[in-house]
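Here is the structure we will look at, set down as structure tokens.
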4 protein chains.
Amino acid sequence: MAKQSKRSEITGAALELIVEHGFHGASMAMIADRAGVGAGTIYRYFDNKDVLITELYRELEEKVVQVLMKEYPAEKSFRERFQHIGERLLHHFINNPSEFRYLEQFHNSPYGVAVRRDKFMGKWNHGDLVRIFFQDGMARGVIKDLPLAVHFALAFGPLVGVARDHILGFISLDDSLRARIVEACWQAIREPSPGFAPPNAS
Amino acid sequence: MAKQSKRSEITGAALELIVEHGFHGASMAMIADRAGVGAGTIYRYFDNKDVLITELYRELEEKVVQVLMKEYPAEKSFRERFQHIGERLLHHFINNPSEFRYLEQFHNSPYGVAVRRDKFMGKWNHGDLVRIFFQDGMARGVIKDLPLAVHFALAFGPLVGVARDHILGFISLDDSLRARIVEACWQAIREPSPGFAPPNAS
Amino acid sequence: MAKQSKRSEITGAALELIVEHGFHGASMAMIADRAGVGAGTIYRYFDNKDVLITELYRELEEKVVQVLMKEYPAEKSFRERFQHIGERLLHHFINNPSEFRYLEQFHNSPYGVAVRRDKFMGKWNHGDLVRIFFQDGMARGVIKDLPLAVHFALAFGPLVGVARDHILGFISLDDSLRARIVEACWQAIREPSPGFAPPNAS
Amino acid sequence: MAKQSKRSEITGAALELIVEHGFHGASMAMIADRAGVGAGTIYRYFDNKDVLITELYRELEEKVVQVLMKEYPAEKSFRERFQHIGERLLHHFINNPSEFRYLEQFHNSPYGVAVRRDKFMGKWNHGDLVRIFFQDGMARGVIKDLPLAVHFALAFGPLVGVARDHILGFISLDDSLRARIVEACWQAIREPSPGFAPPNAS
DNA sequence: GATGAATGAGCGTTCATTCAT
DNA sequence: CATGAATGAACGCTCATTCAT
């Protein structure tokens with residue numbers, strides 16, 4: 001087993017077990033066992049359980065950023081860029097259900113609040129991609145003039161929800177449905193063109 | 001202290017402490033202390049900690065349903081009913097931040113998945129109000145024809161997100177902003193009237 | 001088993017085991033076992049191992065003070081008071097070998113240095129009895145004019161040494177030998193009467 | 001680094017770290033680090049931690065014996081020889097505080113008792129110098145007729161005590177005070193010349 | 001019913017020691 | 001010879017749960 005392989009055995013085992021049993025339900029002993037290493041070995045790679053959890057989070061976050069940036073159509077229209085982001089995000093989560101569940105659990109925990117705060121305060125570079133994206137859209141009048149956090153909620157809240165439901169087996173997302181969902185999110189954030197507002201249906 | 005008062009002292013203490021310290025950080029001893037009862041007393045009302053947590057969840061869920069049903073404009077248009085639900089939900093969460101945080105923590109935990117599954121399988125009556133609401137909207141062609149779970153995600157995902165950000169102090173929701181957010185969610189789920197589709201903005 | 005009996009079972013077990021195996025060789029599990037209580041029970045009486053160790057020390061110290069004060073001949077000559085202190089101390093240590101060994105171990109440890117410092121700085125009331133005793137002797141010109149710490153060393157250093165050797169079985173202290181040893185300590189600290197200095201023997 | 005240099009790097013590091021953190025607080029990893037060798041290397045020189053601790057002790061003891069024997073005035077009077085021993089001992093301890101603290105820690109530990117027993121049983125040659133010294137003094141009637149262990153306690157107990165207090169900063173030993181202390185110890189062990197016993201002071 | 005002292009399994013973590021390189 | 005990554009038994013401590021009062 002190569003040097004780095006041991007570290008990734010550990011994060012892999014932690015990912016699986018935390019998804020399955022939660023942060024506190026996944027004991028270090030279980031993680032060591034599943035990783036096929038001794039209990040003390042984990043501590044050669046991570047100072048303590050908190051550091052393991054946080055490091056794993058950062059790695060998964062980084063992967064998400066990479067996924068969004070890959071083939072990012074920087075030159076295309078705002079809407080096409082939005083579709084890229086939305087569809088890639090959904091695609092990534094659906095194909096990496098454990099990573100998705102882990103990120104969800106992390107965001108919803110004492111750690112998560114701190115990270116969210118840093119992101120909000122702009123201390124976090126990773127968020128910049130999407131932050132700049134929305135600020136650009138507002139500056140150009142393409143999307144509604146709303147606080148950034150609201151755009152995040154409107155655009156990504158539903159995506160996260162459907163990803164979770166798909167992973168839990170409650171719905172099945174195919175390419176067509178995925179596109180329709182991203183389109184619906186788009187309608188939530190877009191600035192309706194003046195003169196074309198449809199009458200309210202009932 | 002009356003019979004039922006003791007029980008509600010316990011759930012009240014559990015609510016506060018779990019919101020503050022998480023499920024695992026809030027020990028039974030702390031809860032008993034804050035509730036002003038003996039450690040063993042909790043077990044007269046709840047078989048074990050899991051049952052306490054789940055029961056408290058059910059009570060808070062039930063409160064949400066009550067809030068949505070109160071002054072529900074059953075005779076008004078679908079859109080008005082949607083606005084009622086959305087605004088009441090936001091209003092309730094914002095004014096009961098502990099309950100909101102508890103529900104979020106619960107949904108994001110091993111318990112949460114089981115409950116979600118029950119809801120989806122129709123074993124859960126509480127969900128019916130909203131389930132029937134969306135099914136009615138689809139039947140009448142007012143909202144898009146999408147799986148129920150997708151409508152849930154599109155309509156409530158963003159609301160939950162902005163409620164959390166408001167509670168954590170990242171944004172400040174006033175009446176006007178709240179209305180604009182519910183309106184944006186509406187645009188996500190509505191069926192655009194034929195012939196009025198606006199051109200795609202860029 | 002009465003309420004306080006449990007606490008004293010614990011301190012008793014700790015005393016024996018620490019004397020036998022040292023502070024770190026005596027594990028909390030061993031202590032609990034020997035005391036006949038559960039592992040967690042110790043923590044109802046002592047916040048942690050350090051507190052247990054320190055509390056036990058204070059109790060044993062207090063016993064020593066009580067022993068010295070009992071039948072203390074406050075009205076007799078300085079020398080008689082010295083003999084009282086010296087002989088009682090030896091007697092007490094010899095008859096309570098575990099307590100003696102515990103105190104020795106404690107004094108020789110990180111804890112001990114701190115306590116010694118407090119004693120030296122006068123923060124410690126227990127020490128006052130003996131401190132005042134020596135200061136009185138110096139003021140009256142009965143004993144040499146030396147730093148307090150030196151008097152402590154001259155008077156008690158040898159007593160502690162012979163107590164240890166007796167307990168370990170290297171010597172056997174009977175009443176006569178005990179008296180001769182205290183007398184020798186007295187000769188170390190006394191101020192030789194002018195005019196009676198004996199010639200130096202070789 | 002020469003063969004033996006590695007060994008002395010290890011004992012040097014062990015000395016420093018054990019004085020600083022105690023036997024149990026100084027881990028083998030820390031010692032290896034400070035010595036600049038690999039963790040496993042220590043085991044080429046010492047079978048295990050206990051052996052390292054005991055070997056280091058024997059070396060420091062040997063150094064003490066060397067110090068006492070250097071310039072030992074074998075031809076001078078008993079009293080002068082006593083002064084030599086006492087003053088050299090104090091001088092050595094004060095100028096090698098780490099070695100002193102190590103010896104103290106060692107004597108006060110499970111190891112210490114075993115060594116003391118060996119010494120007493122005559123299994124230990126190092127002690128002989130001083131043993132013979134006292135036996136000679138008693139044979140010549142210069143010092144009191146007391147068990148050897150008692151002479152040890154009377155002569156060295158106080159010296160060790162004041163050395164410790166000096167090192168911990170509670171007193172400051174200059175040449176004059178050092179001489180007065182050795183003189184006081186002398187008075188404790190000397191056989192008072194017949195006819196010159198001073199009247200008991202009060 | 002209500003209590004809270006007692007329990008002990010299980011936690012996160014350390015560290016003396018081993019052994020493949 | 002020397003290394004240091006790996007080990008796992010053992011540590012101090014917590015806390016959900018029980019039960020004698």
Side-chain angles (χ1 to χ4, degrees), chain A residues 1-3 6-7 10 23-33 35-53, chain B residues 1 3 6 10 23-33 35-53, chain C residues 1-3 6-7 10 23-33 35-53, chain D residues 1 3 6 10 23-33 35-53:
Chain A
M1 194 183 281
K3 178 78 197 321
K6 211 146 232 167
R7 188 192 147 102
I10 292 166
F23 289 119
H24 125 258
S27 73
M28 293 301 264
M30 283 168 65
I31 293 169
D33 245 42
V37 302
T41 304
I42 297 178
Y43 292 86
R44 297 198 60 74
Y45 295 92
F46 305 95
D47 275 356
N48 54 48
K49 193 177 184 179
D50 270 25
V51 168
L52 166 59
I53 287 169
Chain B
M1 197 183 280
K3 179 77 193 317
K6 209 152 236 170
I10 293 166
F23 289 120
H24 154 245
S27 72
M28 293 300 263
M30 281 168 69
I31 293 169
D33 241 44
V37 304
T41 305
I42 296 179
Y43 291 85
R44 303 220 145 269
Y45 295 92
F46 305 95
D47 275 358
N48 54 49
K49 195 178 185 179
D50 272 22
V51 168
L52 165 59
I53 287 168
Chain C
M1 195 184 282
K3 178 76 196 325
K6 209 146 233 165
R7 189 193 146 101
I10 293 166
F23 288 120
H24 125 258
S27 74
M28 293 301 264
M30 283 169 66
I31 293 170
D33 245 42
V37 303
T41 304
I42 297 178
Y43 293 87
R44 297 197 62 72
Y45 294 93
F46 305 95
D47 274 357
N48 53 50
K49 194 178 184 179
D50 270 24
V51 168
L52 166 59
I53 287 169
Chain D
M1 195 183 282
K3 179 81 193 318
K6 210 152 235 171
I10 292 167
F23 290 119
H24 153 244
S27 72
M28 293 299 265
M30 281 168 67
I31 294 169
D33 241 44
V37 303
T41 304
I42 296 180
Y43 291 85
R44 303 220 144 268
Y45 295 90
F46 306 95
D47 275 358
N48 55 47
K49 194 178 184 179
D50 272 21
V51 168
L52 166 59
I53 287 168

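The chains referred to below are lettered A, B, ... by the order of the sequence lines, with proteins before strands, and numbering in each begins at 1.
The closest side-chain heavy-atom distance from Met28(B) to Tyr43(B) is below 4.5 Å.
Picking from dT17(F), dA6(E), dA2(F) the nucleotide with the shortest atom distance to the side chain of Thr41(D) gives dA2(F). Closest to the side chain of Arg44(C), out of dT3(F), dA16(E), dG4(E), is dG4(E). Checked against dT7(E), dC13(F), dT17(E), the side chain of Ala39(C) finds its nearest nucleotide in dC13(F).
Following rounding to the nearest Å, Lys6(A) (NZ) and dG4(F) (P) show an atom-to-atom distance of 17 Å. Between Ile31(D) atom CD1 and dC15(E) atom C1' there is a gap of 11 Å when expressed in whole angstrom units. With rounding to whole Å, Ile10(C) atom CD1 is found 8 Å from dA6(E) atom P. Distance, His24(D) NE2 to dG12(F) C1': 10 Å, rounded to whole Å. At whole-Å resolution of the value, CZ in Phe46(A) and C1' in dG12(E) are 16 Å apart. The distance from atom OH of Tyr45(C) to atom C1' of dC13(F) is 18 Å, rounded to the nearest whole Å. A straight line from CG of Asn48(D) to C1' of dT18(E) spans 13 Å, rounded to a whole angstrom. The distance between atom CZ of Arg7(C) and atom P of dA6(E), rounded to the nearest whole Å, is 13 Å.
In terms of phosphate contacts, Tyr43(C) brings no side-chain nitrogen or oxygen within less than 4.0 Å of OP1 or OP2 of dA5(E).
For Ile10(B) against Ile42(B), the heavy-atom pair with the smallest separation is CD1-CA, 4.0 Å. The shortest heavy-atom contact between Ala32(A) and Gly38(A) is CB-O, 3.8 Å. Of all heavy-atom pairs spanning Phe23(B) and Lys49(B), the tightest one is O-NZ, 2.9 Å. Closest heavy-atom contact between Ala26(B) and Ile31(B): O-CD1, 4.2 Å.
Both Lys49(D) and Ala29(A) lie near DNA chain E, and the one whose nearest nucleotide falls closer to the 5' end is Ala29(A). Sequence order on DNA chain F of the closest nucleotides to Ile42(A) and Asp47(C) puts Ile42(A) first from the 5' end. Mapped onto DNA chain F by nearest heavy atom, Asp50(B) and Gly40(C) fall at different nucleotides, with Gly40(C) at the one closer to the 5' end. Mapping Phe23(D) and Met28(A) onto DNA chain E via the closest heavy atom, the residue that lands nearer the 5' end is Met28(A).
In this structure, dG8(F) forms a base pair with dC15(E), meeting either the Watson-Crick or the G-U wobble geometry with both donor-acceptor distances under 3.5 Å. Judged by Watson-Crick or G-U wobble contacts below 3.5 Å, the nucleotide dT21(F) has dA2(E) as its partner.
Nucleic acid contact class of Ser27(C) (heavy atoms, under 4.0 Å, all strands): sugar-phosphate only.
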